[in-house]
Amino acid sequence: MNILILGSGGREHALAWKINQSKQCDQLFIAPGNAGTATVGTNIDISVTDFDAQKTFCLEHNIAFVIVGPEEPLVKGVYDYFKKDAALQHIKVFGPSAYGAQLEGSKAFSKKFMERQAIPTAAYAEFTNENFEEGKAYLAKHSLPIVLKADGLAAGKGVVICQTHEEALSVFEEMIINRQFGEASAKVVVEAFLQGIEVSVFAVTDGKEYKIIGHAKDYKRIGVGDTGPNTGGMGCVSPVPFMDKTFMDKVEQQVIIPTVKGLEKENIEYKGFIFFGLMNVAGDPFVIEYNCRMGDPETEVVIPRLQNDVVDVLLACHTGELASITINASPESCCTVVAVSGGYPGDYEKGKVITGLDHTFSDKTIVFHAGTKTAANGVVTNGGRVLAVTSFGPNITDAVATSKEALKSIDFEGMYFRNDIGFEFAQ
Ligand code: AMP
Ligand code: GLY
């Protein structure tokens, strides 16, 4: 079958790399893709939210399966668009309905869902302009730190952890009254702070059955030793040593099963990935957030470890055959180290020529592209996160050493990466 992937990051390169190996995949297209996806499929210049252009392309190129990478088209209803159009109904879309995507698209929606399904999460309250004064009183009495979250999508910037009541009040006002994140912060969720280690678990679901496809620990801070501002993710490791059977059993029983049962009970149409962002609080999982997509850079370790034909797994969510699938993952350790543009996560320049991509790397290494594009002068930087260098090894330390070795051959002006990914698991 012909397959179209929507997206242009490291996540989409990892998905395209894997889908290209599927016996079910004939032609593979990526919209809009990056310089890396162009090596495993054909990039097409269509935006992830231009559903009309996607429709025309799918009909002209006999696309049978659309796999959605980022959240934005899902929250904006790409699944529903294809489902409602008679000309497109034969095309399967991998991703939840717009309603299901609210698990990521609205913090208030996901908190209420968790409350209804008794899923462990931080205590919270939600406020708008209407009950702003009540919110101020709530904040004044809240224990510190206080977590404030813009309800809607805010490009990963909508969560602020406030260390003082004054800061919380000012952020609260900034979000609700001054609409710091536009309509996304018209409603604000105020949440108790959870102390623990953050980890991610990934599953696919058809809204009734589910399969866990992997887990990872993401390194979100820009600086060595987990310091400095948050980023989209500077690297990942998988499997995570402390995510043992005892912890994963708790995740499955207390979080994943009630979530999928909740989708079924509430008739939420959902055939896609679910990303469980969890806090491990003294050995117990709490949900920090749901995402209706894979993580980035988590995909760059979870997907390479997956030994199944990924198209078999994703299609099974549409054919009712998910229960009969057995997920197999490589037992080796896998890491990814993200090389970013100088200045990221603040301002950075684009268009820097990347050298060394044609080097012969270890057969344990895969160089995934994130913010790259092909220009007249070669492959150039085109985003904050530029490359995700994934490697396998007998343990995390060896895998990370192999990625760092590969990065010695790669360069672009201002390139930076964290040299301590997996530091707490050093051997
Ligand atoms: P989110 O967009 O919900 O993932 O939040 C962004 C980041 O804020 C998360 O990745 C966590 O590091 C942190 N965070 C969110 N909620 C909490 C919480 N209740 N307690 C502690 N940290 C949190
Ligand atoms: N790496 C975190 C995310 O994809 O949301």
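Atoms within a ligand are numbered from 1 in the order they appear, just like the ligands themselves.
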Quick one: does Glu298 get an N or O within less than 3.5 Å of an N or O on ligand 2? yes
In the protein, which heavy atom is nearest to atom 5 (O) of ligand 2, and how far is it? Arg293 NH2, 2.9 Å
List the closest protein heavy-atom neighbour of atom 9 (C) of ligand 1: residue, atom name, distance to the nearest 0.1 Å. Glu198 OE2, 3.3 Å
With a 4.0 Å cut-off on heavy atoms, is Gln195 touching ligand 1? no
Polar-atom distance check: Asp218 versus ligand 2, any N or O pair below 3.5 Å? yes
For atom 19 (N) of ligand 1, grab the closest protein heavy atom and report residue, atom and distance to one decimal in Å. Glu191 OE2, 2.7 Å
Where is the nearest protein heavy atom to atom 7 (C) of ligand 1: which residue, which atom, and how far? Val159 CG1, 4.4 Å
For atom 21 (C) of ligand 1, which candidate among Val287, Leu148, Leu194 provides the closest heavy atom? Leu194
Have a look at Glu126 and tell me which of Lys107, Lys111, Lys112 forms a salt bridge (charged side-chain N to carboxylate O under 4.0 Å, His left out) with it. Lys112
Please determine if Asp420 and Arg418 form a salt bridge, counting it only when a charged side-chain N lies under 4.0 Å from a carboxylate O. yes
Does Ile161 reach ligand 1 with a nitrogen or oxygen that is under 3.5 Å from one of the ligand's nitrogen or oxygen atoms? no
Evaluate Ala192 for polar contact with ligand 1, using N/O atom pairs at a separation under 3.5 Å. yes
Between Glu332 and Lys364, does any side-chain N to carboxylate O distance fall below 4.0 Å? yes
Between Gln24 and Asp312, does any side-chain donor sit less than 3.5 Å from a side-chain acceptor? yes
Which of the listed options, Lys157, Lys220, Lys149, holds the heavy atom that is closest to atom 16 (N) of ligand 1? Lys149
Of the listed options Glu289, Lys107, Met279, Glu104, closest to atom 22 (N) of ligand 1 (non-hydrogen atoms): Met279
